[in-house]
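As structure tokens, the structure follows; a few thoughts come after it.
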Amino acid sequence: MEHTPAPYGPRAVYGYVMYIGSNMLFLLYMTWAIIPDEVLHDYLGLTYWPSKYWAVAIPVWALTALATFAFLIYPAINMLITPDIDDIRTITDKYALQKTESTPGAPGGIPAVSDIPITEVCRRLYLRKKNS
């Protein structure tokens with residue numbers, strides 16, 4: 001079957017089950033975290049629950065892990081896969097469009113789309129003109 005984001009039968013069922021399941025888990029978590037142990041034991045007959053410490057610790061640990069990934073690990077991975085400054089891949093790649101001298105249409109028209117070489121960019125940005 002072709003991968004498509006369009007809705008179809010099984011995807012709708014899985015989505016509905018995930019929606020109901022996540023809401024039920026959240027309701028169970030909030031019940032465990034907010035209602036005192038005495039009420040859970042006396043009125044609902046639930047005798048074993050993990051410590052309330054974990055109701056706070058698990059979200060804090062999850063957010064700490066997310067922040068560590070977002071601010072340290074992800075940028076480090078990007079820096080590892082970035083080519084060095086003197087690597088040829090920093091300047092060009094196999095998808096670069098080289099400038100052609102023959103432009104279609106009338107003289108003085110719009111030139112064809114191409115990448116500007118880094119040498120021309122540096123020459124125009126950083127070299128001073130002799131008349132200045």
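The residues of the chain are indexed from 1 along the displayed sequence.
A search for side chain to side chain donor-acceptor pair (under 3.5 Å) contacts involving Q98 returns nothing, not counting sequence neighbours.
For the residue pair A70 and P75, the shortest heavy atom distance occurs at O-CD, 3.5 Å. Of all heavy-atom pairs spanning I34 and K52, the tightest one is N-NZ, 4.5 Å. Of all heavy-atom pairs between V121 and I116, the closest is CG2-CG2, 3.5 Å. Listed here is the closest heavy atom pair of A96 and D115: CA-OD2, 3.0 Å.
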Could you go through the side chain to side chain contact (heavy atoms under 4.5 Å, CB included) check for H41 and E38 one step at a time? CA-CA 5 Å; H41 179 65; E38 296 80 26; 5.9 Å; no

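Summarising the local packing, OH of Y74 is surrounded by 12 or fewer heavy atoms from other residues, nucleotides or ligands at distances under 6.0 Å. More than 12 heavy atoms of other residues, nucleotides or ligands shown are found within 6.0 angstrom of CD1 on I20.
W49 has its ring centre no less than 6.0 Å from the ring centre of W54.
Hydrophobic clustering, with ILVMFWY side chains joined whenever heavy atoms are under 4.5 angstrom apart, keeps L80 apart from I73. The hydrophobic cluster containing Y19 also contains M24, counting ILVMFWY residues as joined when their side-chain heavy atoms lie under 4.5 angstrom apart, directly or transitively. At a threshold of 4.5 Å between side-chain heavy atoms, the hydrophobic network of Ile, Leu, Val, Met, Phe, Trp and Tyr places F69 and I58 in two separate groups. The same ILVMFWY cluster, assembled from side-chain heavy atoms under 4.5 Å apart, contains both Y53 and M30. Linking ILVMFWY side-chain heavy atoms closer than 4.5 Å, directly or via other members, places W32 and L25 in two distinct hydrophobic clusters.
Applying the side-chain contact (heavy atoms from CB on, under 4.5 Å) test between Y43 and each of L46, L40, V39 identifies V39 as the sole match. When each of I81, D86, D87 is paired with P83, the side-chain contact (heavy atoms from CB on, under 4.5 Å) condition holds for D87 and for no other.
Separation of atoms CG (N23) and CE (M18) is listed at 11.5 Å; rounding is to 0.5 Å. Taking CZ of F71 as the reference point, atom CG of L66 lies at 8.5 Å (rounded to 0.5 Å). Between the OG1 atom in T31 and the CG atom in L44 there is a gap of 8.5 Å [rounded to 0.5 Å]. Once rounded to the nearest 0.5 Å, the distance linking CG of D37 with OG1 of T47 reads 10.5 Å. Rounded to the nearest 0.5 Å, atoms CH2 (W61) and OG1 (T68) are 13.0 Å apart.
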